[in-house]
Amino acid sequence: MSSEKIIALVDCNSFYCSCERVFNPSLEGKPVIVLSNNDGCAIARTDEAKAIGIKMGAPFFKIKDVIKKHNIHVFSSNYTLYGDMSRRVMEILREYTPELEIYSIDEAFLDLTGFKKRDLIQYSQDIRQRVLKLTGIPVSIGLGPTKVLAKVANRLLKKDKIKNQGVFSVLDPLVCEQALNTFPIEDIWGISRKSTQKLHDLRIYTARQLRDANETLIQKKLTVVGARIMQELKAVSCLDLEQVQQDKKNICSSRSFGRPVFAKEELQEAIANHVHTATEKLRRQKSIARSILIFIQTNPFKNIPQYYNSTTIELPSWTSVTTKLIHQAFYGLDSIYKSGFEYKKCGIILNDIIPKSESQLDFFGSPSITGAVRTFVILG
DNA sequence: TCTGGGGTCCTAGGACCC
DNA sequence: TCTGGGGTCCTAGGACCC
């Protein structure tokens with residue numbers, strides 16, 4: 001019993017919108033949405049905007065009328081601001097426990113097992129109040145014995161099934177049982193559309209039914225991923241907190257164009273920018289890469305001739321030098337570019353990434369991996 | 001040469017997350 | 001006219017080796 005963990009999921013409410021409200025308090029109580037890059041679609045909504053019926057990912061052009069009618073306040077996304085606010089929130093959370101996993105820009109798992117003897121609801125309320133006071137960001141906190149159950153608790157808060165107190169706990173087995181009874185499987189963390197359909201085929205509709213289902217059957221249908229979720233629903237923790245930020249194994253930069261693009265020169269400019277962005281991230285984690293994938297594509301939503309292609313370039317050695325990678329990326333672009341198409345999006349992915357410290361300089365000044373077999377040709 | 005089993009590594013693609 | 005961007009994990013299947 002005492003080995004049971006206590007996990008809190010702290011989630012910032014309508015995070016991007018809340019950030020905008022911090023700098024514009026008159027928006028309090030009013031409907032607000034934040035749009036994706038190029039103002040393509042809605043990616044954050046306040047409760048007021050949700051109540052009006054704005055759906056996650058709704059294309060801007062389709063909701064323009066509703067926005068006007070209900071006087072919804074609209075913002076283009078400002079990721080520099082959101083990243084900044086996120087760091088401040090996470091720093092405060094870290095004051096409450098060193099065991100913390102920053103799961104996304106607006107969510108963190110906290111291991112509160114060591115605070116068992118305290119009133120955990122009160123402790124969580126303290127966290128909420130302090131974050132709100134120091135950053136202006138409202139957060140919701142779900143408590144459970146596993147990550148999946150903490151997510152369940154948090155989800156119930158958002159759904160307003162429980163009156164909006166900002167903290168909900170399913171640590172009590174009876175409360176948990178009740179919560180799972182009516183909790184739809186599609187709302188479980190890790191169960192999305194495809195898996196939901198497979199489970200519906202098995203006549204499994206609620207979290208409770210999934211928890212009590214035949215394990216072999218679930219593993220067969222949903223692989224080990226599903227089996228793990230089952231365990232977590234049973235309050236058996238099998239997803240650990242990942243406290244140290246792992247180095248990225250691949251780094252991607254891509255974006256849609258705000259307008260039609262035909263010319264190779266324009267694609268080159270965009271690709272160069274993407275390489276620049278990605279190599280900056282690469283250097284920040286003190287890594288080097290040896291493989292770069294370049295892709296270009298037309299707009300699949302448009303009824304025009306479609307083209308998608310990608311190519312991977314393997315470099316002779318690992319590098320984090322922007323110009324070297326841009327050179328290779330252009331070479332790759334040359335090989336896949338076809339004129340006459342209206343391009344909508346392009347991007348690059350850096351692969352085969354290793355820490356710079358794992359490499360050493362070979363005779364010619366370019367890194368080679370330690371321990372790898374190399375043949376040296378002495379010139380002259 | 002033929003036959004078979006088993007292990008490892010790699011890659012592409014599916015599924016899922018926020 | 002107009003539909004995000006950046007990730008992770010897992011599996012299946014092929015290549016290769018012993």
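By convention in this document, chain letters (A, B, ...) are assigned in the order of the sequence lines, proteins followed by strands, and residues within each chain are numbered from 1.
Counting non-hydrogen atoms under 4.0 angstrom, Ile191(A) reaches the backbone sugars and phosphates but no base. Looking at heavy-atom distances under 4.0 Å, Leu35(A) makes no contact with the nucleic acid at all. Residue-level contact check: Asp39(A) touches neither bases nor backbone, having no heavy atom under 4.0 Å from any strand. Among the atoms of the strands shown, only primed sugar atoms or phosphate atoms (P, OP1, OP2) are found under 4.0 Å from some heavy atom of Lys281(A). Counting non-hydrogen atoms under 4.0 angstrom, Ile188(A) reaches the backbone sugars and phosphates but no base.
In this structure, Asp352(A) atom CG and dT11(B) atom P are separated by 8 Å, rounded to whole Å. The distance between atom CG of Leu222(A) and atom P of dC17(B), rounded to the nearest whole Å, is 12 Å. Between the P atom of dT1(C) and the CD atom of Glu342(A) lies a distance of 11 Å, rounded to the nearest Å. For the pair Asn351(A) CG and dT8(C) P, the computed distance is 10 Å after rounding to whole Å. Whole-Å rounding puts the Lys249(A) NZ to dG7(C) P distance at 13 Å. At whole-Å resolution of the value, CG in Asn303(A) and C1' in dT3(C) are 15 Å apart. dC17(B) atom P lies 15 Å from atom CG of Asn154(A), rounded to whole Å. Remark: P of dC9(C) and CG of Asp247(A) are 13 Å apart, rounded to the nearest angstrom.
To the nearest 0.5 Å, atoms CG (Leu210(A)) and CD1 (Ile218(A)) are separated by 5.5 Å. Atom CG of Asn351(A) and atom CZ of Arg290(A) lie 11.5 Å apart (nearest 0.5 Å). Atom CZ of Arg118(A) and atom CG of Asp126(A) lie 8.5 Å apart (nearest 0.5 Å).
Within the structure, every side-chain polar atom (N or O) of Ser77(A) is placed at least 4.0 Å from both OP1 and OP2 of dG4(C). Between Lys64(A) and dC2(C), a side-chain N or O to OP1/OP2 separation shorter than 4.0 Å is absent. At dG5(C), none of the side-chain N or O atoms of Ser253(A) fall inside 4.0 Å of OP1 or OP2 (strictly under the cut-off). Regarding contacts with the backbone of dC9(C), every side-chain N or O of Arg228(A) stays at 4.0 angstrom or more from both OP1 and OP2. Proximity of Lys151(A) to the phosphate of dC17(B): no side-chain N or O atom is located under 4.0 Å from OP1 or OP2. Between dG4(C) and Asn38(A), no contact under 4.0 Å exists linking OP1 or OP2 to a side-chain N or O. Contact annotation: Lys302(A) does not reach the phosphate of dT3(C) (side-chain N/O to OP1 or OP2, under 4.0 Å). Of the side-chain N and O atoms in Ser254(A), one or more sit less than 4.0 angstrom from OP1 or OP2 of dG6(C). Contact between the side-chain N/O atoms of Lys345(A) and the OP1/OP2 oxygens of dT3(C) is not found at any separation under 4.0 Å.
Taking every side-chain heavy atom of Lys62(A) into account, dT3(C) is the closest of dG5(C), dC10(C), dT3(C). Closest to the side chain of Lys248(A), out of dT8(C), dC2(C), dG4(C), is dT8(C). Comparing dG7(C), dG4(C), dC16(B) by their nearest atom to the side chain of Asn250(A) picks out dG7(C). Comparing dG6(C), dC16(B), dT3(C) by their closest approach to the side chain of Arg255(A) singles out dG6(C). The side chain of Phe301(A) lies closest to dT3(C), out of dT3(C), dC10(C), dG7(C).
Aromatic ring orientation, Tyr16(A) versus Tyr82(A): parallel (interplanar angle below 30°, classes split at 30° and 60°). Ring-plane geometry between Tyr343(A) and Tyr307(A) is classed as perpendicular, the angle between the planes exceeding 60 degrees on a 0 to 90 degree scale with a lower cut at 30.
Residues from residues 85-109 of chain A with heavy atoms under 4.0 angstrom of DNA chain B, sorted by number: Tyr103(A), Ser104(A), Asp106(A), Glu107(A).
dC18(C) and dG5(B) make up a base pair, with Watson-Crick or G-U wobble contacts both under 3.5 Å.
Side-chain contact between Lys194(A) and Thr196(A): absent, with no pair of heavy atoms (C-beta onward) separated by less than 4.5 Å. The shortest side-chain heavy-atom distance between Ile92(A) and Arg130(A) falls under the 4.5 Å cut-off.
Positionally, the nearest nucleotide of DNA chain C for Phe60(A) lies more toward the 5' end than for the other of His274(A) and Phe60(A). In terms of position on DNA chain C, the residue among Asn299(A) and Glu242(A) whose nearest nucleotide sits closer to the 5' end is Asn299(A).
Under a 3.5 Å cut-off, the side chain of Arg128(A) and the backbone N or O of Gln165(A) do form a donor-acceptor pair.
In this structure, the ring of Trp189(A) has its center less than 6.0 angstrom from the ring center of Phe109(A).
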